[in-house]
Protein chains: 2
Amino acid sequence: MTRQPGKPGMGRGGSPPDIQHAMWLARSFGRTDYLLLRPEDLAALEGAGSYVSKYPGTHLFRQGEASTAAYVIQKGTVELYRGDHTESMVVARAGAGSVIGDIAMFRDEPYFQSARAVDAVTALRIERNRLLPVLMERPVIALRWLVAGLSQLERTQRRVLGLLHRTVLEQVAGLLLDEADDRGEIHLSQAAIARLLGTSRQSVNEALAELRSSGAVETGYRVIRLIDRPAAARAAAE
Amino acid sequence: MTRQPGKPGMGRGGSPPDIQHAMWLARSFGRTDYLLLRPEDLAALEGAGSYVSKYPGTHLFRQGEASTAAYVIQKGTVELYRGDHTESMVVARAGAGSVIGDIAMFRDEPYFQSARAVDAVTALRIERNRLLPVLMERPVIALRWLVAGLSQLERTQRRVLGLLHRTVLEQVAGLLLDEADDRGEIHLSQAAIARLLGTSRQSVNEALAELRSSGAVETGYRVIRLIDRPAAARAAAE
DNA sequence: CAACATCTGTCGCCGCCCCGACATTCCGGA
DNA sequence: TCCGGAATGTCGGGGCGGCGACAGATGTTG
């Protein structure tokens, strides 16, 4: 996922339907292009909710709360995690275009996990009571929503496979390939990587040392640079 | 779950969206548990596909094949796995009401995993070309399909959490609680359990020995009986 | 510039679990 | 009924990785 250095501090309330927004929404619902979202459908979805802005570290929702709404992320990255204050396990990271909180909302159960903004995040918040009629009225949007959910499911299934029978070195290499931006840089602390993989910081460090000594990456303060992509891919052994 | 008996025929073709229907949906979405697509939903989809029967051990589809259709399981259990002939990793097990193969089909990619019948399986096979019109025409079905997919996603997320920082003993205990039938029996070989958890048969055996010595279960040939559910739950440490 | 918080890099200990090997038990088919 | 395949039960060796500890490096704040 390419991360854009967008400008911070936005987030106004009611805005006129924006073509930019429409384009973004159209892109956000999966890579499939045989079903096009028409402008009026987009407007309907936007009209059913409102945009919220979150500072880094703040929560969109917490596990156990009543699930009254779902969120479509427009900008930024959100970390979905579960656990108490002492130890938390990261379930997934969600970027622009991802839908979060909809599972609990559709099933009318408390949120199963917490959602915390990693950086500056803006998201479209849609209440359950207002979403269902829209989805009933506009099957195209329902299908788009479906494809988004299924894409998330596939990513999670890949993660299960990544956790099974894979050494920490392979997992780290795979994560770096996933998370690198267009300049081949990954801006994550080693502790953050460890929490993403459900492993310990020390093991991540050891794996990075291995990759460094083989010339695949360079490591710095809060930044890792991919030097030799093929070498990293070989270490990931995918 | 009590089901409204007086519910008339759902959503016929060109009728305007029904708010009543939306409200009913909102109420009925809770507590769907393992029953994902319900029999009446299946009936509505029957016209778009045809039933296929599979003997134990045969495949509904294999990873890498072109994804032309999705399947809704009507009876039996299907194992979704990935890997070559030497070593395979089980991604999930799917029972009656589950939808499989839809991810790849909607995204128009080859199947990401293989689906093999564990026991005698009958499933409704639906081609993409015929499914999409039905979903467009009947938002109720589309929403149920959506909820089915999201439920699968939640189960997979739970599995991720189960793999992180959980000892084999805890995982085995959790699986037994999940998989036990109404008589408290689990009909799986220890090797099958091991493949489900991505661990080794010996470790599963050791964990079962532990549970047996603590009086939580009894073990037999291809069968495990839950004797003390609370004890097993304690061992699972959920 | 100094004090502080955070992050990186390493080491050693120890426990869980993978793996190979083997004996034993159970079940189904000829 | 007998036999072969499959499943269970157990042991020991070895390795990966969690955990605590600590030093040095790097931003950050007053």
Side-chain angles (χ1 to χ4, degrees), chain A residues 56-57 83 86-90 118-119 162-176 179 185-214 216-225 235-237, chain B residues 55-57 83 86-90 118-119 161-176 179 185-214 216-225 235-237:
Chain A
T86 66
E87 71 166 358
S88 66
M89 294 178 281
V90 177
V118 174
D119 43 23
L163 291 172
L164 259 36
H165 288 142
R166 275 199 150 59
T167 174
V168 171
L169 172 61
E170 295 166 345
Q171 292 189 44
V172 169
L175 178 80
L176 294 182
E179 212 75 14
E185 294 186 348
I186 300 97
H187 296 273
L188 288 171
S189 79
Q190 297 182 3
I193 295 176
R195 289 198 316 128
L196 279 170
L197 297 179
T199 184
S200 73
R201 184 191 63 81
Q202 293 93 323
S203 299
V204 171
N205 185 278
E206 188 187 356
L208 285 175
E210 177 86 15
L211 289 172
R212 194 191 323 135
S213 74
S214 73
V217 302
E218 282 177 1
T219 64
Y221 190 83
R222 263 179 174 283
V223 62
I224 302 166
R225 264 177 301 278
Chain B
Y55 291 109
T86 66
E87 69 167 359
S88 65
M89 295 178 281
V90 177
V118 175
D119 44 22
L161 293 175
L163 290 172
L164 294 179
H165 287 143
R166 272 198 150 63
T167 175
V168 171
L169 173 62
E170 294 166 344
Q171 293 188 44
V172 169
L175 179 79
L176 294 181
E179 213 76 13
E185 294 187 347
I186 299 98
H187 296 273
L188 289 170
S189 78
Q190 298 181 2
I193 296 176
R195 289 198 316 128
L196 280 171
L197 297 179
T199 184
S200 73
R201 182 191 63 82
Q202 293 93 323
S203 300
V204 171
N205 185 278
E206 189 187 357
L208 284 175
E210 177 87 14
L211 289 172
R212 196 191 321 137
S213 73
S214 73
V217 304
E218 282 176 1
T219 64
Y221 191 82
R222 263 180 174 284
V223 62
I224 302 166
R225 265 178 301 278

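Order of the sequence lines fixes the chain letters, A, B, ..., with proteins taken first and strands second; residue numbering starts at 1 for each chain. Quick caveat: nothing in here was measured; it's all calculated off a predicted structure.
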Take the protein atom [atom1] of [X] and the nucleotide atom [atom2] of [N], then report the distance between them rounded to whole Å.
{"X": "B/Glu206", "N": "C/dC18", "atom1": "CD", "atom2": "C1'", "result": "11 Å"}
{"X": "B/Arg222", "N": "D/dG5", "atom1": "CZ", "atom2": "P", "result": "17 Å"}
{"X": "A/Glu210", "N": "D/dC16", "atom1": "CD", "atom2": "P", "result": "10 Å"}
{"X": "B/Leu211", "N": "D/dG9", "atom1": "CG", "atom2": "C1'", "result": "15 Å"}
{"X": "B/Tyr221", "N": "D/dT8", "atom1": "OH", "atom2": "P", "result": "7 Å"}
{"X": "A/Leu197", "N": "D/dC16", "atom1": "CG", "atom2": "C1'", "result": "15 Å"}
{"X": "A/Leu163", "N": "D/dC16", "atom1": "CG", "atom2": "P", "result": "18 Å"}

Kindly say if [X] contacts the phosphate of [N], meaning a side-chain N or O under 4.0 Å from OP1 or OP2.
{"X": "B/Ser203", "N": "C/dC17", "result": "no"}
{"X": "A/Thr219", "N": "C/dT8", "result": "no"}
{"X": "B/Asn205", "N": "D/dT8", "result": "no"}

Once you round to the nearest 0.5 Å, how far does [atom1] of [X] lie from [atom2] of [Y]?
{"X": "A/Leu197", "Y": "A/Ser200", "atom1": "CG", "atom2": "OG", "value": "10.5 Å"}
{"X": "B/Gln202", "Y": "B/Gln190", "atom1": "CD", "atom2": "CD", "value": "10.0 Å"}
{"X": "B/Ser203", "Y": "B/Leu169", "atom1": "OG", "atom2": "CG", "value": "11.0 Å"}

In terms of side-chain heavy atoms of A/Ala209, which of C/dT10, C/dC17, C/dC27 is nearest? C/dT10

List for me each residue that meets salt bridge (Lys or Arg N to Asp or Glu O under 4.0 Å) alongside A/Glu210, sequence neighbours excluded, and say none if there are none. none

A/Glu206, CD atom: more than 12 neighbouring heavy atoms under 6.0 Å: no

Do A/Ile224 and A/Leu211 come within less than 4.5 Å of each other through their side chains, counting heavy atoms only? no

Want to settle it: does A/Leu169 or B/Gly220 sit nearer the 5' end of DNA chain D, counting the closest nucleotide to each? B/Gly220

Taking for each residue the nucleotide of DNA chain D with the nearest heavy atom, is it A/Arg201 or A/Thr167 whose nucleotide lies nearer the 5' end? A/Thr167

Quick one: does B/Gln202 reach the base of C/dG20 with a side-chain donor-acceptor pair under 3.5 Å? yes

Does B/Arg212 contact D/dG9 through a side-chain donor or acceptor facing the base, at a distance under 3.5 Å? no

What heavy-atom pair brings A/Val223 and A/His187 nearest, and what distance separates the two atoms? CG2-CE1, 3.8 Å

Within residues 186-196 of chain B, which residues have any heavy atom lying less than 4.0 Å from an atom of DNA chain C? none

